[in-house]
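Atom set for the values below is all heavy atoms of this structure, side chains included, hydrogens, waters and symmetry mates excluded. Given the structure is predicted, the values throughout are model-derived calculations rather than measurements.
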Amino acid sequence: MSLVSTRFLQPGRRPLSPGSRAGLGAALVLLAIVSAVEAADGRWAHYVALLAAVPFLAAALASWPLVLGVGVAATVVGAAFALVEPEMSLETSVSVVGIAIASGLAAAVTSVRQRQAEQIVELTRLASVAQQAVLRPLGPQVGTLAVAGRYISSTATAEIGGDLYEAIDTPYGVRMIIGDVRGKGLDAVRLASIVLGSYRHVAYERADLRAVVADLDRAVARNVGDEDFVTAALVEERGGTLTIVNCGHPPPLLLRRGAVIPLEPPAPAPPLGFMPVVRPRVERLEPGDRLLLFTDGLGEARRDGEFFPTADRAWRLLGHGTVANGLASLETALIEWVHGRLDDDIALVLMEYVGARTGAAAAVPSWEVGAAES
């Protein structure tokens, strides 16, 4: 009902929206029923007061000009029945005045509701713009990788939260980050934008992923309280070598020839904001390998106490078509599993290694660049 009722509020649309048509139709049906009953009852007006409900019924869905018009029609019909009485009674006169007052009140209430709904539409549009500014579209190709990203909101009224991702082609290879800010709301969005802004700068400047983590940790520490933090996983692909550092984040899943391999870190590290000391994990990629990065909303999605079997279904859902097709399949299966009810936002990034660039330099993980040059 609420979705229908807001459709007519979009400015610049002259044709009646489904909501306005429904409200107008229901009001006219009620007007016709009361008029028919009153006409069948004789020359005395016994049911005229019921016409006061007509503009309020229209107010449930229609715009205020339509409500006012319906109210005027109801008032005219009520006055007509009053005039044909052999002797107009005080009760009938009060009923006609009441219809006119009800019409004005219904139009006023509808006008207020319409302005509020327009503000909601505008805020939703601004949230969409903010999401595009914070979470820029990924792919379809970044360096040697086919990449796609997807953000799944846990609520229909919000399109952005504290989950974040980015993929950029740097002098040190393709670098990606996925993260999850503790908490929700505007504070989480603010911190996510700070992390992404810092990452988009330092990813081009630091040869070592551990230095990138240290810079991000300082950025988080400067902008959060003692109990706030950001879990994150950073990935670098350089000449077919994959390097991963993990700061308290769910491990990425490597999809290779039908197998699903969780890429657990060599040693656990705390989230950003708690001075993590990370140890890189290095894997050699094969053409066709896919890597799924995700936030913990995916791991926590469940129905009737049973968690979504991500690892068991990952290859069947993500191993076909393009990476964008794979994420679409995963989202569809997930929403079906939880019956459309998610407890947390989810960020997803799926990449596919398509092979090294022609004439690419030998693979050197970022954490070995300094040693290789010395």
Side-chain angles (χ1 to χ4, degrees), residues 138-150 165-179 199 203-204 206-213 232-247 249-267 269 278-295 298 310-327 329-330 347-372:
L138 298 184
Q141 191 79 19
V142 182
T144 59
L145 305 178
V147 179
R150 209 170 188 91
Y165 56 74
E166 181 61 288
I168 50 182
D169 193 6
T170 76
Y172 310 104
V174 177
R175 287 179 165 178
M176 293 180 288
I177 184 174
I178 191 163
Y199 177 76
Y204 287 98
R206 304 295 190 187
D208 191 331
L209 278 183
R210 290 173 296 185
V212 175
V213 168
L234 284 74
V235 176
E236 175 189 284
E237 184 278 321
R238 182 181 175 91
T241 297
L242 187 71
T243 305
I244 304 170
V245 294
N246 196 313
C247 304
H249 199 77
L253 299 179
L254 176 63
L255 286 68
R256 173 178 292 168
R257 298 193 299 272
V260 179
I261 308 166
L263 299 183
E264 300 281 355
V278 295
R279 290 180 55 190
R281 172 164 182 165
V282 180
E283 297 285 336
R284 186 65 184 171
L285 291 174
E286 301 175 3
D289 282 353
R290 291 190 172 186
L291 187 73
L292 175 66
L293 309 174
F294 58 93
T295 54
L298 179 61
T310 303
D312 294 339
R313 302 181 65 178
W315 178 261
R316 189 163 65 253
L317 294 171
L318 301 172
H320 67 89
T322 66
V323 288
N325 295 149
L327 288 186
S329 296
L330 176 59
L348 303 169
V349 176
L350 183 63
M351 53 144 277
E352 179 179 355
Y353 177 64
V354 296
R357 295 186 181 94
T358 304
V364 180
S366 68
W367 53 278
E368 288 187 351
V369 168

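The shortest non-hydrogen separation linking R238 to P171 is NH1-O, 3.4 Å. Looking at every heavy atom in both residues, P252 comes nearest to L291 through CB-CD1, 3.8 Å. Residues P280 and V245 come closest through the heavy atom pair CA-CG1, 3.9 Å. In plain terms, the two heavy atoms of Y165 and G149 that are nearest each other are OH-C, 4.0 Å. Considering all non-hydrogen atoms of both residues, V174 and T144 come closest at CG2-N, 4.2 Å. Of all non-hydrogen atoms in P251 and N246, the two that sit nearest each other are CA-ND2, 3.8 Å.
In this structure, V278 and C247 have side chains that are in contact, with non-hydrogen atoms separated by less than 4.5 Å.
Here CG of L242 is found 7.5 Å from CG of L254. Values are rounded to the nearest 0.5 Å. Separating the OG1 atom in T310 from the CZ atom in F294 is a distance of 6.0 Å, to the nearest 0.5 Å. One distance of note links CD1 of I177 with CD1 of I168; it measures 9.0 Å at 0.5 Å rounding. Annotation: the span from L330 atom CG to R313 atom CZ amounts to 9.0 Å, rounded to 0.5 Å. Note: L348 CG to I178 CD1 = 6.5 Å, rounded to the nearest 0.5 Å. For the atom pair T322 OG1 and L350 CG, the distance stands at 9.0 Å (nearest 0.5 Å).
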Using the rule given for side-chain contact (heavy atoms from CB on, under 4.5 Å), can you reason through M176 versus V142, listing the C-alpha separation, both sets of side-chain angles and the distance that settles it, and then say yes or no? CA-CA 10 Å; M176 293 180 288; V142 182; over 6 Å; no
Does L327 form a side-chain contact (heavy atoms from CB on, under 4.5 Å) with L292? I'd like the steps, not just the answer. CA-CA 9 Å; L327 288 186; L292 175 66; 4.1 Å; yes
Report the C-alpha separation of Y172 and L209 in whole Å, then their side-chain angles, then the decisive distance to 0.1 Å, and conclude whether the side-chain contact (heavy atoms from CB on, under 4.5 Å) test is met. CA-CA 10 Å; Y172 310 104; L209 278 183; over 6 Å; no
Are L318 and V260 close enough, and set up right, to give a side-chain contact (heavy atoms from CB on, under 4.5 Å), and what steps lead you there? CA-CA 10 Å; L318 301 172; V260 179; over 6 Å; no
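Between the side chain of Y353 and the backbone N or O of T241 there is no donor-acceptor pair closer than 3.5 Å.
Considering only residues two or more places apart in sequence or on other chains, E283 meets the salt bridge (charged side-chain N to carboxylate O under 4.0 Å, His left out) condition with R281.
Checked against R175 for a salt bridge (charged side-chain N to carboxylate O under 4.0 Å, His left out), the options E236, E237, E166 give a single hit: E236. Checked against Q141 for a side chain to side chain contact (heavy atoms under 4.5 Å, CB included), the options V354, D169, V147 give a single hit: V354.
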